[in-house]
Trainee: 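I'd like to ask you about the structure that follows.
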Amino acid sequence: MAKDAQAPDGVPDQVREMAREGKRLNRSFGWLAALGALLVIGGVVGLIYTAAATLTSMLLFGWLLLIGGVVGLLQAIQSRGTSYFWLAVVVAALNIAAGVVVIRHPEGTAEALTMFAALLFLTGGVFRLVGSVVVRGPQFGWTLLQGAFGLLLGLLVLFDWPDSSRYVLGVFFSLALLFDGLGLIAIGVGGRRIVGMVAPTPQPDRPPEPSESGPDQSNN
């Protein structure tokens with residue numbers, strides 16, 4: 001009778017398993033928030049030391065190109081005999097060559113990329129300005145503001161070039177780290193809250209209550 005009064009078989013084990021899974025998810029979200037905090041710290045440090053952030057971003061970019069080129073070359077060798085073999089070899093060789101150039105000349109690469117970014121800002125700003133004036137859609141004011149901001153930013157970077165190459169890319173790289181870190185922190189903290197609301201808390205097993213029929217029978 002005491003066994004029949006307890007919960008059905010397997011329910012306590014399922015609760016404990018869900019609680020353990022909740023702890024694992026809490027731990028995972030905690031690591032995600034910790035990684036976000038590290039990215040935020042890196043972004044703040046990069047905004048303070050923009051020249052070092054620019055050099056670091058260029059070196060990372062060069063190593064990514066080099067590693068991607070080596071991986072692409074290995075994949076091309078494995079796929080030899082196919083119709084795209086030589087194209088894969090050429091693309092991998094270009095990535096390797098570009099990675100070596102960026103690693104050996106990070107400052108020159110930063111100057112070239114800064115000039116490219118300034119031209120992108122200029123052309124994007126001009127197209128937004130012209131498009132907002134010609135079309136005059138519902139987002140006219142916002143598009144006009146975006147175009148003016150892009151044009152102004154491109155002119156500022158271009159007029160200060162090549163000195164602007166020491167801090168422009170570093171600022172962009174640091175801001176990317178900062179916002180990515182804030183996003184990871186938000187995901188980690190929000191995930192822990194959701195898991196805390198959903199995951200059950202296992203209760204300690206209570207000993208079965210003694211049956212009343214036992215003492216009555218002994219008294220009789």
Side-chain angles (χ1 to χ4, degrees), residues 14-72 95 98-99 102-103 106-107 109-114 116-118 120-121 124-125 128 139 141-154 156-157 160 163-204:
Q14 292 177 2
V15 172
R16 293 192 188 95
E17 183 62 28
M18 291 175 66
R20 284 194 293 267
E21 189 65 27
K23 289 181 180 179
R24 294 193 197 100
L25 288 175
N26 266 330
R27 197 178 302 114
S28 300
F29 281 120
W31 282 111
L32 198 64
L35 177 60
L38 289 177
L39 291 180
V40 169
I41 293 173
V44 172
V45 172
L47 289 175
I48 297 173
Y49 302 100
T50 54
T54 299
L55 185 62
T56 302
S57 63
M58 288 297 97
L59 292 176
L60 286 175
F61 179 58
W63 280 109
L64 286 176
L65 285 175
L66 183 60
I67 294 172
V70 171
V71 172
N95 284 333
V102 172
I103 293 172
E107 295 180 355
T109 305
E111 292 180 0
L113 289 179
T114 302
F116 182 69
L120 282 181
F121 287 138
R128 282 193 177 93
Q139 302 294 330
W142 178 246
T143 307
L144 188 68
L145 182 62
Q146 283 183 324
F149 179 76
L151 183 62
L152 179 62
L153 186 60
L156 290 176
V157 173
D160 199 30
D163 293 335
S164 59
S165 63
R166 300 176 183 175
Y167 58 85
V168 169
L169 298 178
V171 169
F172 291 161
F173 179 69
S174 302
L175 288 176
L177 287 180
L178 182 61
F179 288 116
D180 287 344
L182 291 175
L184 289 179
I185 290 175
I187 293 173
V189 174
R192 286 175 66 91
R193 289 179 179 175
I194 294 174
V195 171
M197 291 186 295
V198 174
T201 303
Q203 300 294 333

Trainee: Could you state the interatomic distance from CZ (F61) to CG (L113), rounded to the nearest 0.5 Å?
Mentor: 6.0 Å

Trainee: Just jot down the side chain to side chain contact (heavy atoms under 4.5 Å, CB included) partners of L152, sequence neighbours excluded, or say none.
Mentor: L156

Trainee: For T56, give me all partners under side chain to side chain contact (heavy atoms under 4.5 Å, CB included), at least two apart in sequence or on another chain.
Mentor: L60

Trainee: Residues in ring-ring contact (aromatic ring centres under 6.0 Å, His included) with F172, at least two apart?
Mentor: F121

Trainee: So for atom CZ, which belongs to F173, do other residues, nucleotides or ligands contribute more than 12 heavy atoms lying within a distance under 6.0 Å?
Mentor: yes

Trainee: Between the side chain of S174 and the main-chain N/O of V171, is any donor-acceptor distance below 3.5 Å?
Mentor: no

Trainee: With the side chain counted from C-beta on, respond yes when L66 and N95 share a heavy-atom pair under 4.5 Å apart, and no when they do not.
Mentor: no

Trainee: So T54 and E107, do their side chains get closer than 4.5 Å, heavy atoms only?
Mentor: no

Trainee: Taking side chain to side chain contact (heavy atoms under 4.5 Å, CB included) as the definition, give me every residue that meets it alongside L39, ordered by chain and number, with sequence neighbours left out.
Mentor: L177, D180, L184

Trainee: List the atom of L65, the atom of A98, and the distance in Å for their closest heavy-atom pair.
Mentor: CD1-CB, 3.9 Å

Trainee: For a quick test of reading the model, state the closest non-hydrogen atom pair linking M58 to V102 and the distance between them.
Mentor: O-CG1, 3.2 Å

Trainee: Which residues satisfy the side chain to side chain contact (heavy atoms under 4.5 Å, CB included) test with T114, sequence neighbours excluded?
Mentor: V157, W161, S164, S165, V168, L169

